[in-house]
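The sequence lines fix the lettering, A, B, ..., with proteins before strands; numbering per chain opens at 1. Note that these values count all heavy atoms, side chains included, but never hydrogens, waters or copies made by symmetry.
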Amino acid sequence: MKLPKVYEPNEYESDIYALWEKSEAFVPANRGSGSSYCIVMPPPNANANLHIGYELTAALEDIPSRYHRMKGDATLLLPGADHAGFETQVVYEKHLAKEGKSRFDFTREELYRQIWDFVALNRTKFGTQLRKMGVSCDWAHYTYTLDDKVVKLAYQTFKKMWDEKLIYRGERLVNFCTFHGTGFADIEVEYKEVKGHLWHIRYPLTDGSGELIVATTRPETMLGDVAVAVHPKDDRYKGFVGKTVKLPLTQREIPVIADAFVERGFGTGAVKITPAHDINDFDAAQRHDLPKITVIDHEGKMTHDVPAPYQSLAVEQAREAIVTDLNDLGLLAEVNDHLHNVGHCYKCGTIIQPLLREQWFVDMKPLATKAIKVLRTDKIRFYPDSKKNQLITYLKGLRDWNISRQIAWGIPIPAFQNLEDPEDWIFDERVGEEIIEVDGKKYRRDPDVFDTWFSSSSWPYATLDYPEGEDFKQFYPTDLMDTGGEILYPWVSRMIMLGLYVTGDIPFKDVYIHGYVMAEDGSKMSKSIGNVVDPIPVIEKYGSDALRMGIIAGRSPAVNRGYDPRRVEEARNLCNKLWNVARFIEDKIGDDFTTRHDPKATNSADNWILNKMNYLNKSMSSHLENYRFSEAYELIYHFVWDDFADWYIEASKVNLNKDVLAYVLDATLRIAHPFAPFVTETIWQTLKWEGDTMLITSSWPKAVHASKDEAAVFEELQTIISEIRYIKAELHLKNLRLYHTGEEFLKKHTELIKGLAGLASIEEVRDGHGLHLTQTNYRCWLDLDQETAIHFLKQLESKREGYAKTIEQLEARLSNKNYVKNAPRKIVDETKQQLEETKTLLAKVTEEHSRFATAQR
RNA sequence: GGGCGCUUAGCUCAGUUGGCUAGAGCAUCUCGUUUACACCGAGAGGGUCGGGGGUUCGAGUCCCUCAGCGCCCACCA
C-alpha cells in the first residue's frame, strides 16, 4: 500500500476512533489479574461546548491511561458530565432573557424540566468533542451527575450526616445574591476591592452624658443595630460599657458592650453591631445573646421593620437618604474615603448581602480534621507538592458549609417540614411530591436544592458504584485526579473529606493541578472578551494529536500559560515526520515482512539507535510516572526527529537492516502512542507485519540488547560527519574528497561517511594534504587548496580561542585544592579528562591555524 | 494583612535532588531540487539566567534583600 506524502489527520481520525470504540479497546481488560489504573475524569459542565482548557485535562488523563493500558494494567478512564446547578441555571436564564422571559415566569418544576431538555441537547455535543480529542474513556461507564446512582448516594450521605448530627438546620448568615435570589457557600463569594467611604456617626448616650462615634462602611445597616461594641481594655470607653445609646433615626435604646474582637486602632474603636447583616456582628451577637433585626430583604430592599421613610428603598437609596438625614441632624461627625474588600456574586457582580436565613449546614470541623490528618501522612501526593500545604491551611480555617440553594436546577433536598410544627423536619426521599403524610402528619418538601458540590464530592466513588460495585472494589481509591487550581478548595478538598467520611478511604492517590490555558497574549480567556479558543477547529486544521501535544508542550503543573499555535504546528510537523518515517520504512521492507522483537544489530548505527531506544523507553516511563508530561513529549519529539529520522534512517540508506528498522518503527509507535494516538494507530493499521492487531491494546516495548561499544563507534562517525558538514557549509563547497593514510576505521566506514557527509569520495593516499580534521583522532584531510582553506582561518581562530579559554578555566578549577578535595571523585576525574581532550583539540586547531596563517603570508 | 507563583535567546517557554561549553520550538541568516518528508535537509548567529548580597570547591538551581508582574486566601466594621 502506498501512503500519501502528507499525513492528513482528518482522513483517518474518526475512523480510528470508531475502530477503537467498536473493538471495545477502552473497556478495562485484565480485570482481577494484577494491577489496575483508574482515572475518573472531572465532569465538565454539560451546558456548553468544551473549551480548550478541557483539551489539556483530556490529554493529561488520556496519556497516563494509554500508557498504563499498554503496560498491562486493567485501565479505566471514566467520563462524565456535570449538571453544574447554579452555573447552568445562569446560562439558561440568559437564554430565557433572549426570548424576553425570566425564571419568574415559571414554577421550579417547569424550570427544572426546561433546563433538563436544554442540557440534554448539549450533552450529546460533549461526547462528540471528547471523541475528537481522542480520549480513550470507557463510554459504558459514562456518568451524569443527575444519574440515579449519584442522586441516591447524595441522599444516603445526607441521611448519614443527619443521623450522625453533622448536618443541622439553622438560621445563619448566608451569602445572598439578591439578583439571582440564592445563597452561596463562602468559597463562591468573590471579593473585590472597592472605593467606599467610612462614615463616622454620633450615637448619643441615653443618659445625655455624652456620645459614642462609630465608624461604618454601610450606614444603612445601622437601622438593624442592636448594640455598640468597644474593646474591653480600651480606656477611652471604660465608662461607656453597660450604658445605652439612643440609636439615631429609630430612637431605639441599645447597649454598649465590651468584646475583644474590636480592633482598637480601626476607625474610632467603637463598632456598631448589626447581627443580621454582618458575619462578625452575628458572632458577637451570639456571644452576648443579642437579638437580630433584619432590615434588608432578599430583593435587596429595606424591610418594613425600619422607619417609614426608608421602607422598600433599595440599599443604595437607603444609604443616601440615611446619610443625608444624619447630616441634617448634625450626627455625621466625619466622612473618609475608604478602600475595602466587598463580596460580589461571581456570576453577575451584584454585591453579596449577608442575610439571615434558615438553611442546611454541614458541620465541617470533624470532616476537615480527618482530612488534615490524612494529608499529613502523604497518602495523597500532590503535583506540585506546594498545593498540599495550601489545602491544609484552607481546611484549618473552614467554616460550616451552607448546602442549600434557592434555585430550580439541582438535586432536591430530601427533607420535609411538618406543617403544624416548623421545628419538626424529617428525611424522606419522595422529593417528587410536595406534600407527604407520615404517621398522620403532613409534611411539606424543602423547596431548596443541594449545592452542586455536595453531590459531586462523591464523584470518585459514586461513579464506581459504591459500595457493592465490582468497579469500586477494583478501582477505588483511584490513581489520579487532575484538575485546575480553581477547584482545589471547592471540589478536591470536599472529595477528600467526603471520600474519607463515606468510604473510609482516600478517593485518589495523586492530585495533579494543571495551570490554565490562557489566551495567546497571556490574558484570561473569556466569552465576553471573545478570545476563547475553540479546540474543534484547531483539531480540524492540525489534527487531534497536534493539538494534544501542542498544548502540553512546555507546560508545568499549576502554571498558567498562553495558548501557543506555534507549538501546535510544531506537533503537527512531528506527526507528519512520523508518517514519513513509516512511509520510508514500509517501502524498504515490503509487504511480506515479519517483525522481530529481538532485532539483531549488524552495524554501529543499529547498536546506536537500539541504545537510544532503550534509553527512551526507560526515561519515558520515569517521566510519565512522575507526571512530567512536557519532558516526556520533548523526549519523544527529539528521538523521532533527531535520532531516528535524521541519523538512523539516513544511515540505513547506506546499510539497510530491515529487522532493526522495523523494530524501531514498531517500538516508536508504541512509545509515542499516548502522545499521538491517532497518527500512531493509523500507521499501525497500515503495517502488514502486525496483522489485525490494534496499537492501543498492544504492549509497551521491552528493552533489547545493544552494544555500547558499537554505539560509540557510530558517535565517532557522527563527529567526523558533522565536522565535514560544518566545513562544507562554512566554505560553500561541494564534491569534496576526504584523504587518509590508511586508517582502518575510515576504510571500514567509507560508505557511511561518504553518504552522510555528502562527499565525492574517500581515498587512501600516501601523504595527507588539505585541511586536517580536528575533532577526531583518526587522521584525515579534506581536499582543499590553500586559497580556499584560508577562508577558514577565522573559524579556526575562534575555535582556538574557545579551547584556550576552556583550558584556562579547567586548569584553574583543578589547581583549586578545595575543589579537588571536596568535589566528588567522578566530577574531578571528568574535569581532568576534559582538560586532556581540550588540550589535544587545541593543539590540532593551533597547528592547522598556523599552517594556513603562514601560507597566507 | 497573610500565603504562593513568575522574571532564562527577538517571541513563547523547558531546565527533577546545586556538577560537562544553559536547552527547545518559532523567528533570523547561509547553503541545498541526494526519489520518506519543503509540514523537508545541512550549517550558523543569538543569553553577564530581573538587580544586589550571601552560602559553597562549584549557584539558573539553595538563603537573604530589592524591583516588576500575576494568583489565592482573610470578618478590620
S.K.: Rounded to the nearest Å, what distance is computed from the CD1 atom of residue A/I487 to the P atom of nucleotide B/C73?
M.R.: 14 Å

S.K.: Sort out the partner of B/G18 for me: Watson-Crick or G-U wobble, both distances under 3.5 Å, none otherwise.
M.R.: none

S.K.: So which one's nearest nucleotide on RNA chain B is more toward 5', A/Y726 or A/S386?
M.R.: A/S386

S.K.: Please evaluate the base of B/C57 for a donor-acceptor partner in the side chain of A/N816 within a cut-off of under 3.5 Å?
M.R.: no

S.K.: Please list each protein N or O that sits under 3.5 Å from an N or O in nucleotides 27-35 of chain B, with the distance.
M.R.:
from: B/U30; atom 1: O2'; to: A/H732; atom 2: NE2; distance (Å): 3.3

S.K.: Judged by each residue's nearest nucleotide on RNA chain B, which is more toward the 5′ side, A/Y191 or A/I585?
M.R.: A/I585

S.K.: Nearest-Å distance, CD1 (A/I827) to P (B/C20)?
M.R.: 7 Å

S.K.: Say you pick atom C1' in B/G52 and the same atom in B/U12; how far apart are they, in whole Å?
M.R.: 29 Å

S.K.: Short question: side chain of A/E751, backbone of A/V654 - any donor-acceptor pair under 3.5 Å?
M.R.: no

S.K.: Is the count of non-hydrogen atoms from other residues, nucleotides or ligands lying under 6.0 Å from A/F261 atom CZ greater than 12?
M.R.: yes

S.K.: Checking all strands, does A/V262 fall into the base, sugar-phosphate, or nothing category for heavy-atom contacts under 4.0 angstrom?
M.R.: base

S.K.: For B/U21, does either OP1 or OP2 sit under 4.0 Å from a side-chain N or O belonging to A/Q834?
M.R.: yes

S.K.: With rounding to whole Å, what would you report as the distance between B/A22 and B/U61 at their P atoms?
M.R.: 15 Å

S.K.: Starting from P on B/C75, measure out to CZ on A/R399 and report it in whole angstrom.
M.R.: 7 Å

S.K.: Taking the C1' atom in each of B/C39 and B/G25, what is the distance between them to the nearest angstrom?
M.R.: 14 Å

S.K.: Please report, rounded to the nearest Å, how far the C1' atom of B/C71 is from the CZ atom of A/R561.
M.R.: 18 Å

S.K.: Looking at B/U55, which nucleotide sits across from it as a Watson-Crick or G-U wobble partner, both distances under 3.5 angstrom, or is there none?
M.R.: none

S.K.: Distance-only, no hydrogens or angles: does the A/R236 side chain make a donor-acceptor pair with backbone N or O of A/R264 under 3.5 Å?
M.R.: yes

S.K.: Classify the ring geometry of A/H338 against A/H340: parallel below 30°, tilted from 30° to 60°, perpendicular beyond 60°.
M.R.: tilted

S.K.: Does A/E730 contact B/A42 through a side-chain donor or acceptor facing the base, at a distance under 3.5 Å?
M.R.: no

S.K.: Just to be sure I understand the rule, does A/K577 reach a base, reach only the sugar-phosphate, or reach nothing, if contact means heavy atoms closer than 4.0 Å?
M.R.: base

S.K.: Select base, sugar-phosphate, or nothing to describe what A/E263 touches, counting heavy atoms under 4.0 Å on all strands.
M.R.: base

S.K.: Expressed as a whole number of Å, how far does the P atom of B/A59 sit from that of B/U28?
M.R.: 37 Å

S.K.: Between B/C76 and B/G15, how far is it from one C1' atom to the other, in whole Å?
M.R.: 44 Å

S.K.: Could you identify the nucleotide paired to B/A9, looking across every strand shown and requiring Watson-Crick or G-U wobble geometry with both distances under 3.5 Å?
M.R.: none

S.K.: Give every residue pair that meets the salt bridge (Lys or Arg N to Asp or Glu O under 4.0 Å) criterion with at least one member in residues 381-391 of chain A, sequence neighbours excluded.
M.R.: A/D378-A/K388, A/R381-A/D510

S.K.: Please tell me which of the listed nucleotides, B/A77, B/G41, B/C37, lies nearest to the side chain of A/D646?
M.R.: B/G41

S.K.: Find the distance A/K794:NZ to B/G43:C1' and express it as a whole number of Å.
M.R.: 14 Å

S.K.: Do A/R572 and B/C39 have a side chain to base donor-acceptor pair shorter than 3.5 Å?
M.R.: yes

S.K.: Quick one: do the A/N816 and A/R813 side chains pair a donor with an acceptor below 3.5 Å?
M.R.: no

S.K.: Please state whether the rings of A/F792 and A/Y726 are parallel, tilted or perpendicular, taking 30° and 60° as the class boundaries.
M.R.: perpendicular

S.K.: Contact class for A/H623 vs. all strands (heavy atom < 4.0 Å): base, sugar-phosphate, or nothing?
M.R.: nothing

S.K.: Do the two ring centres, one from A/Y383 and one from A/F629, sit under 6.0 Å apart?
M.R.: no

S.K.: Which nucleotide, in any strand shown, forms a Watson-Crick or G-U wobble pair with B/U28, with both distances under 3.5 Å?
M.R.: B/A44

S.K.: Would you compute the distance between atom CZ of A/R399 and atom CE of A/M364 and round it to the nearest 0.5 angstrom?
M.R.: 13.0 Å

S.K.: Name the pairing partner of B/G60, where a pair is Watson-Crick or G-U wobble with both distances under 3.5 Å, or state none.
M.R.: none

S.K.: A/K5 has a side chain; which of B/A38, B/C76, B/C57 sits nearest to it?
M.R.: B/A38

S.K.: Which nucleotide sits closest to the side chain of A/Y489: B/C72, B/A36, B/C57?
M.R.: B/C72

S.K.: Taking the C1' atom of each, how far is B/U56 from B/G41, in whole Å?
M.R.: 46 Å

S.K.: Which nucleotide in the list B/G19, B/A24, B/C40 gets nearest to the side chain of A/H638?
M.R.: B/A24

S.K.: Show me the pairs that pass salt bridge (Lys or Arg N to Asp or Glu O under 4.0 Å) and involve residues 213-226 of chain A, at least two apart or across chains.
M.R.: A/R218-A/E220, A/E220-A/R319, A/D225-A/K272

S.K.: Using a heavy-atom cut-off of 4.0 Å across all strands, would you classify A/R567 as base, sugar-phosphate, or nothing?
M.R.: base

S.K.: Now, which nucleotide makes the Watson-Crick or G-U wobble pair with B/G50, with each of the two distances under 3.5 Å?
M.R.: B/C66

